[in-house]
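In what follows, every heavy atom counts, from backbone to side chain, and hydrogens, waters and symmetry copies are set aside.
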Amino acid sequence: VPTLTLLQALRVHGHEVILADGGSHDGTPELARALVDQIISSEPGRARQMNAGAARAQGEVLWFVHADTLVPAHAEQLILDALHNSTRQWGRFDVRLSGRDKRLRMIAWFMNLRSRLSGIATGDQGIFVSRTLFEQVGGYAELPLMEDIELCRRLKRRHRPLCLRQQLVTSSRRWEARGIWRTMLLMWRLRLYYALGVDAHTLARLYH
């Protein structure tokens, strides 16, 4: 609900907010019904859910926001201005982890730097893309993990992303529950294995 509350500004300005629910059992659709334009039920899995939402969206620009992410004020205008002032058709925001531990600030700084250097974004960074380009590259591959990395690889073949320095705030709960350093090392291992060609289904088993 906090995420959707912040997205109400988009609806005020005529933009559409779609919730893609992957079969949750916590009452999410009922809680969200007044805060969205459409609720879509799909099979679980971020890639499936985001593809389902994109297929129903009416707009020319798609913005994928995770449920545990808080967006900055005027985010939609930041996206539209960035796309209007560039020939590039996709991009992402910087990210900040929500916890107070100083190590989380350092990790987020490195995440943003790595993304800026590599041209690869993660879902936590709020990937936005023109509908035309998204459809041209085939949308999200229905992988159980690394679907964001795989999409960015295909988008990057067209051109590098727009990297907005305004920050999204994403939950640090996962990092704090598993241990900050342990989680960071796990993420690095998974990305390395994926770069070396390890199957995404194998990586998903390691992750979980």
Heavy-atom donor-acceptor pair, T3 side chain to T69 backbone, under 3.5 Å: yes
Joint cluster assignment, L164 & V95, ILVMFWY side-chain distance < 4.5 Å: no
Is any side-chain heavy atom of H13 less than 4.5 Å from a side-chain heavy atom of L80? no
Return each pair, listed once, that meets ring-ring contact (aromatic ring centres under 6.0 Å, His included) where at least one residue sits in residues 54-84; pairs must be two or more places apart or across chains. W63-F93, F64-F134, F64-Y140
Is a salt bridge present between R116 and D94, judged by a nitrogen-to-oxygen distance below 4.0 Å? yes
Check the hydrophobic clustering (I, L, V, M, F, W, Y; side-chain heavy atoms under 4.5 Å; chains of links allowed) and say if V17 and M50 are grouped together. no
Would V129 and Q89 satisfy side chain to side chain contact (heavy atoms under 4.5 Å, CB included), going step by step from the backbone distance to the final call? CA-CA 6 Å; V129 58; Q89 299 178 60; 5.6 Å; no
D199 side chain near Y194 side chain, heavy-atom distance below 4.5 Å: no
Would you mind checking if R96 and D124 are paired as a salt bridge, meaning a charged N to carboxylate O distance below 4.0 Å? no
Does the S98 side chain pair with the main chain of S172, one donor and one acceptor, at a distance under 3.5 Å? yes
Shared hydrophobic cluster for L168 and I127 (ILVMFWY, side-chain gaps under 4.5 Å): no
Given side chains that start at C-beta, do those of I40 and D21 come closer than 4.5 Å, heavy atoms only? no
Quick one: closest heavy-atom pair of A32 and L4, and the distance? CB-CD1, 3.4 Å
In Å, rounded to the nearest 0.5 Å, how long is the span from CD of E150 to CG of L155? 9.5 Å
Separation between CD (E16) and CG (L10), nearest 0.5 Å, reads 11.0 Å
Is there a donor-acceptor pair under 3.5 Å between the side chain of K156 and the backbone N or O of S118? yes
Which atom pair, heavy atoms only, marks the closest approach of P44 to G22? CG-O, 3.3 Å
About how many Å separate CG of L117 and SG of C163, when rounded to the nearest 0.5 Å? 9.0 Å
Report the C-alpha separation of T122 and R114 in whole Å, then their side-chain angles, then the decisive distance to 0.1 Å, and conclude whether the side chain to side chain contact (heavy atoms under 4.5 Å, CB included) test is met. CA-CA 11 Å; T122 66; R114 180 190 65 210; 4.1 Å; yes
Side-chain donor or acceptor of R92 paired with backbone N/O of G119 under 3.5 Å: no
Enter the distance from R191:CZ to L203:CG here, rounded to the nearest 0.5 Å. 11.5 Å
Please report the interatomic distance OG1(T202) to OH(Y193), rounded to the nearest 0.5 Å. 11.5 Å
Shortest non-hydrogen contact between I180 and R103, atoms and distance: CD1-NH2, 3.5 Å
Is there a donor-acceptor pair closer than 3.5 Å between any side-chain N or O of Q49 and the backbone N or O of A20? yes
Would you be so kind as to tabulate the donor-acceptor pairs closer than 3.5 Å made by side chains of residues 53-60, with sequence neighbours excluded?
residue, atom, partner, partner atom, Å
R56, NE, Q38, OE1, 3.1
R56, NH2, Q38, OE1, 2.9
Q58, NE2, R56, O, 3.2

For the backbone of L97 and the side chain of R105, can you confirm whether one donor and one acceptor N or O come within less than 3.5 Å of each other? yes
Is the shortest heavy-atom distance from the side chain of M187 to the side chain of R174 under 4.5 Å? yes
Quiz question: by atom type and distance under 3.5 Å, do the side chains of R11 and Q8 form a donor-acceptor pair? yes
pair E76-I79: side-chain heavy atoms closer than 4.5 Å: no
Restricting to non-hydrogen atoms, name the atom on A200 and the atom on P144 that form the minimum distance, rounded to 0.1 Å. O-CG, 3.8 Å
Is there a side-chain contact between E142 and N51, using heavy atoms and a 4.5 Å cut-off? yes
For a side chain to side chain contact (heavy atoms under 4.5 Å, CB included) check, start with the C-alpha distance between Q125 and D148, then their side-chain angles and the critical distance, and finish with the verdict. CA-CA 10 Å; Q125 292 175 300; D148 45 5; over 6 Å; no
For a 4.5 angstrom cut-off between non-hydrogen side-chain atoms, does T28 reach L19? yes
SG of C152 to CE of M146: how many Å apart, nearest 0.5 Å? 12.0 Å
Once ring-ring contact (aromatic ring centres under 6.0 Å, His included) is applied, what residue pairs with a partner in residues 171-192 remain, sequence neighbours excluded? none
Run the side chain to side chain contact (heavy atoms under 4.5 Å, CB included) test on L133 and W90 for me, step by step, so that the C-alpha distance in whole Å, both residues' side-chain angles and the decisive distance to 0.1 Å come before the verdict. CA-CA 8 Å; L133 180 57; W90 74 286; 3.9 Å; yes
Side-chain donor or acceptor of R154 paired with backbone N/O of V137 under 3.5 Å: yes
